Amino acid sequence: MADIEASIATEICGVKFPSAVFNAAGAKDVSLEDLDALGQSEAGAIVIKTATKEFRAGNDLPRWHADGSGSLNSMGLPNLGYERYAAAVPRLKEHGKPVIASVSGIGEGDNELMLAAYDKAGVDMVEVNLSCPNIAGKGQLGYDYAASRKMLENCRRVTKLPMGVKLPPYFDRSQFEEMAAVLTETGADFVVTINSIGNALVIDPETEEKVIAPNGGLGGLGGGYVKPTALGNVHMFDQILGGKLPIIGVGGVAAGTDAFEHLLAGASAVGVGTALVNEGPAVFMRLNAELRTVLEEHGYAEPAAARGKLKDKPGTSA
Ligand code: DHB
């Protein structure tokens, strides 16, 4: 092992994180107890569940499934409503790590209203979620570039906080280029990628049933199933944006090496979803220790030193 002692701290948009590993919005972050547990854990930040203007109970149960390969969910945005979260921010800040709010308004003007309230409440950063796949009758805004542009222009007007954008996965270069232009032209400060891969289906062949109940059994795919897609999205955005926007990589982080791969691909930090739901907030103690070890083994003093250091595979002619 290289004889360096690596830090796992990082900085994004001037905000200091004690660890570059924290929860992805939506994982164990709905109740105030969940949020306090994240505060007490080794998570590098507290990311609050994507909020709507009003309380939502969410979709019918079962709405979450996990297996050895990953997860499928159709939660349906269960959340307390932004006012409860905003009121809790001063207390959450006492945990001594950044607090990040996430919003996904259902009605016109909802995001602007919530962002203004979160700004006042003292969160460190905000994430505009353009990619919830589980609201019946509501498409993912992130696949509509004109609508995304309009939404982000409106959001940019109401918050001076570092504003990130939570994106759905993309699969074609033209999609990355379209969204990268929207992000730079609307003044987004950071990127969060990927949200779950929408409209996936997991089947239990024993029972011949779908594994979740809502939305005809279709849901958002996460965990190990999506890691290569997540890494590809992190890398494509880092390349197309020329490394100018920090990226929080989400998708398939279940070990320190997974976090390391996200850093190599171009991320500055990583969000943990499926592994957090599976293991609870103690997962951060394990992931932090594993990330520290892998950074040291590879001679990187901190996560930022590994960012974008991915090497090409040398090729020879066939
Ligand atoms: C939900 C799922 C998402 O992937 C998301 O970005 C927001 C909300 C949900 O179903 O609750």
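Note that these values count all heavy atoms, side chains included, but never hydrogens, waters or copies made by symmetry. Only a predicted model underlies this, so the values are computations on that prediction, with no experimental measurement involved. One-based numbering, in listed order, for ligands and for the atoms of each. Sequence positions, counted from 1, serve as the residue numbers for this chain.
For the pair N73 and ligand 1, a heavy-atom separation below 4.0 Å is found. Residue contacts with ligand 1: P78 is included, with a non-hydrogen atom under 4.0 Å away. Using a 4.0 angstrom heavy-atom cutoff, G220 does not count as in contact with ligand 1. Residue contacts with ligand 1 include S196, since one or more of its heavy atoms lies under 4.0 Å from the ligand.
Under a 4.0 Å criterion applied to the non-hydrogen atoms of N195, ligand 1 contributes the atoms 3 (C), 4 (O), 5 (C), 6 (O). Taking a cut-off of under 4.0 Å to the non-hydrogen atoms of G76, the atoms of ligand 1 that pass are 9 (C), 10 (O), 11 (O). Taking every heavy atom of N129 and a limit of under 4.0 angstrom, the matching atoms of ligand 1 come to 5 (C), 6 (O), 7 (C).
Residue N134 has at least one N or O atom closer than 3.5 Å to an N or O atom of ligand 1. Between K49 and ligand 1, a contact under 3.5 Å exists for at least one N or O pair.
Across all non-hydrogen atoms, the minimal contact from G249 to A267 is N-CB, 3.8 Å.
Taking atom 1 (C) of ligand 1 as the reference point, the nearest protein heavy-atom neighbour is C132 SG, 3.4 Å. Counting protein heavy atoms only, atom 3 (C) of ligand 1 is closest to P133 CD, 3.4 Å. Ranking protein heavy atoms by distance to atom 9 (C) of ligand 1, first place goes to L77 N, 3.2 Å.
Counted within 6.0 Å of CZ on R84, heavy atoms from surrounding residues, nucleotides or ligands total 12 or fewer; the atom is thus considered open.
Rounding to the nearest 0.5 Å gives a distance of 9.0 Å between CD1 of I203 and NZ of K210.
Aromatic ring pairs are classed by plane angle as parallel below 30°, tilted from 30° to 60° and perpendicular above 60°; the pair Y170 and Y143 is perpendicular.
The closest side-chain heavy-atom distance from I248 to I12 is below 4.5 Å.
Side-chain contact of T52 with N79: a donor-acceptor pair under 3.5 Å is present, judged by distance alone. Residues N129 and S104 bring no donor and acceptor atom of their side chains to less than 3.5 Å of each other.
Taking the six-membered ring wherever Trp is involved, the centroid distance between the rings of Y118 and Y85 does not fall below 6.0 Å.
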